[in-house]
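Data first, discussion second: the structure below is written as C-alpha cells.
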Amino acid sequence: MKYHLDFSPLVPYWPVFLNGAWLTLKMTAVAVVVGVAVGTLVAFAKRSRITPISQICSAYIEVVRNTPFLVQIFLLYFGLASFGVRMPTFAAAVLAMIINIAAYAAEIIRAGLESVPRGQIEAAECLGLSKWRIGWHVMLQPSIEKVYPALTSQFLLMMQASAMASQISAEELTAIANTVQSDTFRSLETYIVVAALYLVLSLAIKLLTSLLGEYLFRRRRVVRQAAALNARNGRATALPPTAAVASRGGAA
Amino acid sequence: MNFGLGSFTGTHLLYLFTSIWWTLVLSALAFVLGSVGGFGVMLARISHKAWLRWMALVYIECVQGIPLLILLFIVYFGLSVYGYSLPALAAAGIAMMIYVSAYLGDIWRGCVEAMPKPQWEAAECLAFSRWQTLRLVIIPQAVRLSLPPTVGFLVQIIKMTSLASVIGFVELTRAGQIINNSIFQPFLIFAIVGAFYFALCYPLSRWSEAMERKLNVANR
C-alpha cells in the first residue's frame, strides 16, 4: 500500500493543537512551581533529626521514584474515586504531577544540601544568623545553584510525562492528538505534528531555564569568566566533568 | 467499595504475577536494543567527523524532546497506515529502543569523555588504532563510571514499560486495568500494581546507589 504524508487535513486544527500545547505548558508550570516548593520542604525534612519525619520523607521519595507515573495517575484518579473523592481530570493530573516532581526535586535538592560544607553552616551559626537565614542564604541558595541543571532537566522530563495525563483524558496536547487523529484519520501526521510541538516546547523550556540560570546565578557566571581568563593565560583549570543528563531518570 | 461485580481473588493476583513476566521481557528487550543503539550513538557523539557528531546530537535532542508516549503512538498507529501492522510487543520494543538509545548514548558519552585525556595520548603512543584505544583502554575504565547511572536508568526503563499498556500490550499496568474493568476496585488493584513495580525497581535503585558510593568514581 502506498501512502503519502499529507498534512493538509490538519491545518484547520491548528488552534486546537496550540491550545493543547498551552495547557500542557500551564500544567507543567503549576506542577513545577508547587512541586519544587514542596520538594524543598521534603528535602529539609528528610535531614531532620526527628527520625519518624525523615523516615516518612524518604519513604515518600522512594515510593514515588520507584513506581511508574502512569500507575500514580491511575491510583489518584480512579483509586480515590472509589473512596468517593472525585476530582476533575485536570486537578488529578496536576496533583499527580506535583506529587511526582516534588519527590524528584526533593532528592535533587537534598543532594545539593548535603554538599554544603559543614564548616560553612558552623561559620554562619557563629555569626549568629537565625535558623531561617542559614537555611535560605547558606544552604538553599548555593544548593539550588549547584543542582540547577539536574533540576531543569527534571522539569523537561515532567513536561513530557504530562503526556500520560491523556490516559485519564485531561485535554492536554496528547489527548488532543488522539481526538484529532480520530477525526481526520491522519494518525501518522497528527503524531508527527504533536511530536514537533513537544520538541518546540522542550527547546523553549531549555532556552528559558538556561537564560534564567544565567540571570539568577551571577556567581557562576563570574567563576566561568575567571576560568576562561585563566585558560587564556595558559593556566588550565580543571573543570568538573558534566553530569550525565538524567542519569537519575525521570518520571516515566 | 464493591458494586456486586465480584471481588479480588487469588486468581487475579496470579494474573498480575504472570504479567510481571511481560514487563520484564519488554524491559530486557528495550535495554538490549537500546544498549546497541546507545553504543552507536555514543560512538557517533565522540567521532572525529563533525557531521556525525552533529547528527548524533540532533538525534539525542530530538528524541529527548519528545515524550515516549508520542513515540509509541508514531510507531504503533503511525506505521500501521503504511500497511505494516506491528504486534504491540514489536512496536513498544522499537519505540523504547529509540528512546533508550538516546539517553544511554548521552550517559555513556559523558562517561567516555570524563576519561582523562592522557589515556588517549598514551594509547596513541603505543600505536593503538582508535578502535583499539576505545576497546582496550577507554571503555574498560568508562564502564566503572557508567555502571551506576546505567543501572539507575534500568529503573526508568522498567517504569517506562507501563506505557506499553496504552497500545494494548498486556504487561503489569494493562493487566491491572483489565482486572479493574471487571471488578472495579481501582485503589486496591493499582496499589498492588504499584507495589509490584516498587518491588522490581527498589532493589535496582539501591544497587545503583550502593555502587555509586562504592566505586566512588564520580568526582574524585
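Throughout, a chain's letter reflects where its sequence line sits, starting with A, and its residues are numbered from 1.
- A:Y191 meets the ring pair (Phe, Tyr, Trp, His ring centres under 6.0 Å) test with B:F73; sequence neighbours excluded.
- Taking chain B as the reference chain and counting heavy-atom pairs below 4.5 Å, the highest number among A:L199, A:V194, A:V71 is found for A:L199.
- Taking a 6.0 Å sphere around CZ of A:R47, one finds it holds more than 12 heavy atoms contributed by other residues, nucleotides or ligands.
- For B:S146, no part sits under 4.5 Å from any heavy atom of chain A, backbone or side chain.
- Against chain A, the residues from residues 56-63 of chain B that qualify, each with a non-hydrogen atom under 4.5 angstrom away, are B:E61, B:C62 in number order.
- For A:V63, the parts lying near chain B are the backbone and the side chain together; criterion is any non-hydrogen pair under 4.5 Å.
- Here the side chain of B:K159 pairs no donor or acceptor atom with the backbone of A:L70 at under 3.5 angstrom.
- Atoms CG and CD1, on A:L201 and B:I66 in that order, are 11.5 Å from each other to the nearest 0.5 Å.
- Neither the backbone nor the side chain of A:L197 comes within contact range of chain B; no heavy atom of the residue lies under 4.5 Å from a heavy atom of that chain.
- Looking at B:L69, the atoms closer than 4.5 Å to chain A (heavy atoms on both sides) all sit in the side chain, from C-beta outward.
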Run the side-chain contact (heavy atoms from CB on, under 4.5 Å) test on A:F74 and B:T173 for me, step by step, so that the C-alpha distance in whole Å, both residues' side-chain angles and the decisive distance to 0.1 Å come before the verdict.
CA-CA 10 Å; A:F74 284 159; B:T173 309; 4.0 Å; yes
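- Residues of residues 21-29 of chain A having a heavy atom under 4.5 Å from any heavy atom of chain B: none.
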Could you give me the CA-CA distance, side-chain angles and deciding distance for B:L163 and A:M164, then say whether side-chain contact (heavy atoms from CB on, under 4.5 Å) is met?
CA-CA 8 Å; B:L163 287 187; A:M164 284 177 234; 3.5 Å; yes
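- Under a cut-off of 6.0 angstrom, the local environment of CH2 in B:W120 is crowded, with over 12 non-hydrogen atoms contributed by other residues, nucleotides or ligands.
- When heavy atoms are compared at a cutoff of 4.5 Å, A:E62 approaches chain B by way of both its backbone and its side chain.
- A pairwise comparison of heavy atoms in B:P67 and A:Q160 identifies CB-O, 3.5 Å as the closest pair.
- Heavy atoms closer than 4.5 Å to chain B are found nowhere in A:S162, neither backbone nor side chain.
- Annotation: residues 186-200 of chain B contacts chain A through B:P186, B:F187, B:F190, B:A191, B:V193, B:G194, B:Y197, B:F198 [non-hydrogen atoms, separation under 4.5 Å].
- The number of heavy-atom neighbours closer than 6.0 Å to CE of A:M87, taken from other residues, nucleotides and ligands shown, is above 12.
- Looking at B:Y99, only its side chain comes within 4.5 Å of chain A, counting heavy atoms on both sides.
- With a 6.0 Å radius and a threshold of 12 heavy atoms from other residues, nucleotides or ligands, B:F17 has its CZ atom at or below the threshold.
- Note on B:I157, B:L68, B:L71, B:I74: by heavy-atom pairs under 4.5 Å with chain A, the leading option is B:I74.
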